[in-house]
Structures are given as C-alpha cells and as structure tokens.
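Step one of this worksheet: look at the structure below.
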There are 2 protein chains.
Amino acid sequence: MKSDVILLGHGSGGKLSHQLLDDIIIPALSGVATRDQNDSAILPAVSGELAFTTDSYVVDPIFFPGGCIGDLAINGTVNDLAMAGAKPLAISVGLIMEEGLPVSDLQEILAAMRTAADKAGVNIVTGDTKVVPHGKADKIFINTAGIGVVRNGIAVSGSGARPGDKVLINGTVGDHGMAVLASREGLELESDIRSDCAELHSLVEVILEAGGDNVHVLRDPTRGGVATTLKEICAQSEVDIELTETDIPVRENVGGACAILGLDPLFVANEGKLLAIVTEDVTDKILTVMRSHETGREAAIIGTVVGTGEGKLSLQTAIGGRRSIEMLAGEQLPRIC
Amino acid sequence: MKSDVILLGHGSGGKLSHQLLDDIIIPALSGVATRDQNDSAILPAVSGELAFTTDSYVVDPIFFPGGCIGDLAINGTVNDLAMAGAKPLAISVGLIMEEGLPVSDLQEILAAMRTAADKAGVNIVTGDTKVVPHGKADKIFINTAGIGVVRNGIAVSGSGARPGDKVLINGTVGDHGMAVLASREGLELESDIRSDCAELHSLVEVILEAGGDNVHVLRDPTRGGVATTLKEICAQSEVDIELTETDIPVRENVGGACAILGLDPLFVANEGKLLAIVTEDVTDKILTVMRSHETGREAAIIGTVVGTGEGKLSLQTAIGGRRSIEMLAGEQLPRIC
C-alpha cells in the first residue's frame with residue numbers, strides 16, 4: 001500500500017481497490033485472494049434450519065477499553081445467531097470507510113475481527129468495501145451478516161417465557177455502554193471500565209447442553225440494556241417479570257459512573273451478556289455450568305416470570321419497594337454499538 | 001410517527017425505535033411485527049450449496065432517474081447471488097440513517113426495496129437500524145446481505161472462461177453510472193438518461209436453462225464497468241479476451257455524455273447488466289433467449305476469449321485499430337452504488 005490513509009480510489013473497484021483488498025483486507029480476514037473470488041461465497045450444503053441475522057456497527061469511538069468496532073461487529077452477529085440456538089457458520093463483512101481513515105486503524109480493526117471470528121469458530125467468507133468522501137461518514141461503519149445452523153430440536157424464542165421460569169444473566173450489566181461513553185467523553189473513570197465485548201456462542205452451547213428444551217429464551221441485552229430486552233420478552237411472551245435489584249450484578253465503578261451521570265445500568269448496553277429464561281428445575285444446574293465458563297463466572301439469577309398477559313416488568317428495589325420499568329422514550333446513549 | 005424526520009432516538013433500541021420499526025419499516029419490508037421477532041430470522045432447511053454475499057450502498061444522490069438506493073440495494077445483492085448460479089432465498093437489510101432524514105424519503109426507499117424484492121421473488125427476513133448524528137453520515141447508507149441456493153450441477157465462476165468462448169452482454173453499457181452522475185451534478189442531460197437498475201435473477205434462469213454447463217461465467221459489471229469486470233475474469237481464468245467496439249451497445253445519450261465528460265462507457269457502472277461467457281455452440285441459442293427476456297432485449301455478442309495465460313483485455317476499435325485495456329488506477333465516479 002502506497003498511501004497510509006484510505007483514499008476515494010480505494011472504493012472505486014479499480015486498481016487501488018484491488019490493492020487494498022489483496023494487500024490489507026483479504027490477508028487479514030479470510031486469506032482468499034481476489035483472483036479466486038466471485039460475487040458470492042459458496043458454502044457447503046447443511047442440514048437443519050438456517051438462522052440469518054445482520055447488524056450495522058457505528059460505535060463512537062471506534063477504539064475503546066476492552067475492544068473496538070471490529071471485534072464488536074463479529075461478536076454482535078455471532079451472538080445474535082447464538083441466541084437463536086444456532087451454531088454460527090459464516091459471516092459477511094461490509095465496510096463503509098471515510099476518506100482519510102488511517103490504514104493502520106483499518107488494520108487494527110481487521111485484526112480484531114479475525115481474532116474474534118477465530119475465537120467464535122466462524123469464517124468470514126464474503127465482503128464489500130465502500131469509501132465515501134471526508135465528512136460523509138465518521139471514520140468507519142461496519143455491517144456484518146451471519147448464517148448459522150439451528151441445533152436439532154432447539155426452539156428458543158422471545159415468546160417462550162412461561163410463569164415460574166427463572167431469569168439468569170451471565171455477569172455484570174452496563175460495562176460496554178459505560179466503557180464507550182467514558183472513552184468518548186474522556187471521563188476520568190475511563191481507565192477503569194472495560195467493555196464486556198465477547199462471543200457468547202460457546203456459553204450458549206453449555207447452557208443448551210445442560211438445559212435442553214427447558215431453556216425457553218436466550219437474548220443478548222445490547223442496545224437498550226437488560227431492561228429494554230426484558231420488556232420486549234414480556235411483550236412477546238405475554239408474561240410479567242419481576243427482577244430483584246440486589247441480585248443484579250453491577251461492577252462498582254460502572255454503578256458509580258452511572259450514578260454520577262444519572263444513568264440506570266439496567267438500560268446501558270452490554271456486548272458480552274445474555275439473558276437465559278429457563279424452567280425452575282434446571283436453574284441451579286444451568287447456573288453452575290455458566291459459572292464454570294469463561295464468560296459466565298459472575299452469573300446470577302436476577303428474576304422470575306410471574307404472571308401472564310400484562311407484559312409488565314418490575315423491580316424489587318434494594319430498599320424494599322417495587323417499581324415498574326418502562327422502555328425509555330428516546331435516546332440515552334447514541335452510537336453505543 | 002410523530003416526527004417527520006429521523007431522530008437519534010429512532011436508533012436507541014427504545015420506544016422510538018420500536019415505533020419506527022412497527023409503524024414504518026416492518027409494514028413496508030416484511031410484515032413481521034417486532035413482537036414476533038427474534039435476534040435472527042429462522043429459515044427452513046434447504047438442500048444444496050449455499051451462496052452468500054453482501055454489499056453496502058452509499059450512492060449519491062439517493063434518488064436518481066430510473067431508481068433509488070432502495071431498489072439498488074435489493075437488486076445488487078439479488079444479482080450477486082444470481083451470478084453464482086444461485087436462486088435468491090432471503091435478504092437482510094442494515095440501515096444507517098443520518099439524523100434529520102425525512103421520514104417520507106425513508107418510506108419511498110423502503111417501498112422501492114419491497115417492490116424490488118417482490119419482483120425478484122425474494123423475502124426480506126431480518127434487519128437492523130442505526131441512526132448517527134447529523135453530519136456523521138450522508139442521508140442513508142444501506143447494507144444488504146443475501147443467501148441463495150446454488151442450482152444443482154451449476155458451477156459458474158470467474159475462473160471458468162475458456163479459449164473460443166463468446167462474451168455476451170444483455171444490453172447497453174454505462175446507463176446507471178451516467179444517470180447517477182448526471183443527477184448528482186445537475187447536468188442538462190439528466191432527464192434523458194435512466195439507470196438500468198434491475199433484477200437479473202430471472203434472466204439468469206433462462207440463460208442457464210438454455211445453456212446448462214456451457215455457461216462458464218456470469219458476472220454483473222457494476223462498479224468499474226464492463227472493462228474492470230472483464231479484466232478480473234481474464235486474470236481469474238488466465239485467458240485473453242478481445243472485444244469489438246462496434247458490437248458493444250451504448251445508448252446515444254450515454255455515449256454523448258461520456259464523450260463530453262471524457263469518460264469511457266466501458267468503465268461506467270451498470271446495475272442491470274450481466275456478462276455471460278459461454279461456449280461458441282450455444283451462443284446463438286442463448287442470445288435468442290436473452291433477447292426474448294424483459295432485461296435482455298438489446299443483448300449482443302461483444303467479444304471472444306482468444307488465448308491463455310496473459311490475462312490481456314483488448315478492444316478492436318471502430319476505426320480498425322486495437323488497444324489494450326487496463327484497470328483504472330483510481331476513482332472515476334465515486335459513490336455510484
């Protein structure tokens with residue numbers, strides 16, 4: 001690469017595009033040279049239902065404590081597949097870059113994508129690169145789409161919660177959102193708070209192995225946090241859920257930062273957390289396997305599905321009261337993922 | 001919808017996001033309400049190899065004569081699947097919107113997406129919406145990814161061209177690129193030139209039916225145009241290709257605009273064109289079926305695969321000379337798709 005920043009010509013489809021692909025992008029992501037590439041990747045036949053999902057990532061800043069837009073873009077899509085009870089098979093990557101992006105930043109992002117993909121055991125098989133003039137985008141936006149194969153006999157869904165089920169989470173809430181916010185705003189607390197960005201596919205494997213079809217719902221509480229995700233599940237399953245505030249794990253520095261900024265950690269984004277709603281009889285077994293897993297050491301039971309029909313989410317507070325939780329009307333933390 | 005422009009809150013994951021999804025996006029694209037949605041769409045099992053592709057669309061302007069970013073985003077991905085010999089199955093949509101985008105523009109774009117998807121017989125099954133602050137993107141960027149099922153026994157590839165094969169195109173070159181450029185720059189010629197944006201899946205069906213495995217290469221010459229695409233095929237197949245200038249269909253107004261602006265129509269983007277490289281014996285048969293199809297009426301034989309090893313693309317010019325064609329070094333027409 002002769003230029004150390006991205007130029008408009010790198011999105012032209014011509015010589016500069018091929019150079020960027022051959023020298024930088026393809027060696028980092030997939031290793032399949034442009035001369036062997038076609039308009040589509042071809043994947044071997046699979047048996048079973050397919051899961052298909054997509055997300056675009058516009059996080060600001062693109063590098064933050066605990067991760068960057070690259071691993072976020074892989075883990076986010078891997079996790080959406082995992083939440084469908086699917087084994088991730090292949091990922092596509094669409095890059096939209098702003099003219100002037102340092103090539104070294106792109107390289108660091110691509111390396112993070114590859115590391116995350118390898119860790120989740122998924123291949124990046126196809127992609128696309130666009131460049132827009134300076135000022136028409138913000139550094140880099142990444143879209144990933146993913147295909148997975150649904151495990152035989154597994155049908156987890158947001159509509160699966162039943163009265164009596166327990167709500168589990170695999171660790172502390174709000175870490176990702178507060179890490180990004182602190183990093184963006186240059187807050188003093190920045191160095192302490194790290195994003196929880198991680199793949200959850202391997203955790204889902206052990207949960208489903210332990211719980212089988214007693215696992216009713218799996219969902220990752222990203223944008224909107226635990227509260228918004230549980231409100232969605234309440235509506236989809238037509239049930240009420242009661243949370244117990246003192247049971248919800250929150251890191252002290254995250255809780256402190258939220259208190260200072262007037263944010264509720266239940267509404268702050270996570271990128272390495274899942275909510276599992278399971279029948280009561282398998283709760284302890286699942287909690288045990290979660291706590292034995294790298295991304296579940298601080299797993300906890302945080303609530304119970306209590307009734308049908310209302311779609312109400314409520315919180316038993318630390319001081320003994322009970323409050324109803326509603327979705328936020330507007331934007332709490334823009335560009336958090 | 002209470003606001004007639006997109007707000008940051010529409011990307012929050014909270015109430016405004018749900019309202020945008022339930023009131024505007026989902027009715028337009030898929031009809032599956034948010035309450036029935038999960039992190040991934042689930043597709044029935046299929047037999048056969050899968051084709052998987054993605055493209056991001058950043059075209060400027062977002063509306064142009066003959067189409068808009070919406071139908072472009074569907075047709076582009078449908079066509080990439082079709083060029084792999086695959087039947088399109090499902091499409092994902094990732095929207096990145098700039099705060100302040102008129103909701104009416106979004107609605108027009110979504111309607112164009114749905115119309116294009118219906119025409120190509122493909123379902124939009126999953127999606128994602130992000131909003132970035134004003135000035136951090138340019139109106140709207142769309143990513144689509146697509147899954148298709150590869151037809152039994154079909155193995156078209158950029159590496160399949162063989163000496164003696166004929167190069168066919170389904171109509172005039174350069175229409176899309178010049179329509180977008182004229183529209184962007186407000187050129188007088190704008191009203192005359194329309195994008196050729198169209199789905200090519202149904203055309204590929206009749207070509208493969210007529211030609212079977214005598215169809216060696218299918219490729220849509222989008223960014224970089226016919227010249228860049230054929231240069232790629234020359235390299236992938238390790239062959240030389242000779243084109244005959246007088247055989248290449250170019251609309252008079254497109255040719256005229258190119259001449260005025262110093263552009264070569266062979267390098268200008270198309271969005272409803274395909275190159276088919278086929279054995280000589282089926283050429284006439286395929287030309288006939290192409291010309292009987294809605295998107296192939298002006299189909300023509302434009303060149304021949306002549307030799308192996310060099311990867312050279314050359315043009316027999318109208319005045320009897322021969323010139324070598326190389327990929328352009330930089331950017332000819334930014335943000336054309």
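Reminder, nothing fancy here: chain letters follow the sequence lines and each chain counts from 1.
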Greatest number of heavy atom pairs closer than 4.5 Å to chain B - which of A:Thr228, A:Ile147, A:Val125, A:Val150: A:Ile147

Shortest non-hydrogen pair, B:Ile42 vs A:Ala84, comes out as CD1-CB, 4.0 Å

When B:Gly148, B:Ala227, B:Ser157 are compared by non-hydrogen pairs under 4.5 Å with chain A, the top option: B:Ser157

Might you confirm whether atom NZ of B:Lys231 has over 12 heavy atoms from other residues, nucleotides or ligands at distances under 6.0 Å? yes

Looking at A:Thr144, A:Leu328, A:Asn143, A:Leu50, which makes the most heavy-atom pairs under 4.5 Å with chain B? A:Leu50

Does any backbone or side-chain atom of B:Ile91 lie under 4.5 Å from a heavy atom of chain A? Answer side chain, backbone, both or neither. backbone

Shorter than 4.5 Å, heavy atoms on both sides: which option in A:Ser40, A:Gly9, A:Gly13 has the most such pairs with chain B? A:Ser40

Once the angle between the rings of B:Phe141 and A:Phe141 is folded into 0 to 90°, is it parallel (under 30°), tilted (30 to 60°) or perpendicular (over 60°)? tilted

Do you know which of B:Val46, B:Asp60, B:Leu43, B:Leu89 has the most heavy-atom pairs under 4.5 Å to chain A? B:Leu43

So which of B:Asp138, B:Leu81, B:Thr126, B:Asp128 has the largest heavy-atom pair count under 4.5 angstrom toward chain A? B:Asp128

In terms of heavy-atom pairs under 4.5 Å, which option from B:Thr77, B:Val131, B:Leu218, B:Thr129 contacts chain A the most? B:Thr129

So which part of B:Ser56 gets closer than 4.5 Å to some heavy atom of chain A, the side chain, the backbone, both or neither? both

Interface moiety of B:Val93 toward chain A, non-hydrogen atoms closer than 4.5 Å: backbone

Option that, when pairs with chain B are counted at under 4.5 Å, heavy atom only, ranks first among A:Pro44, A:Ala86, A:Gly224, A:Ala145: A:Ala145

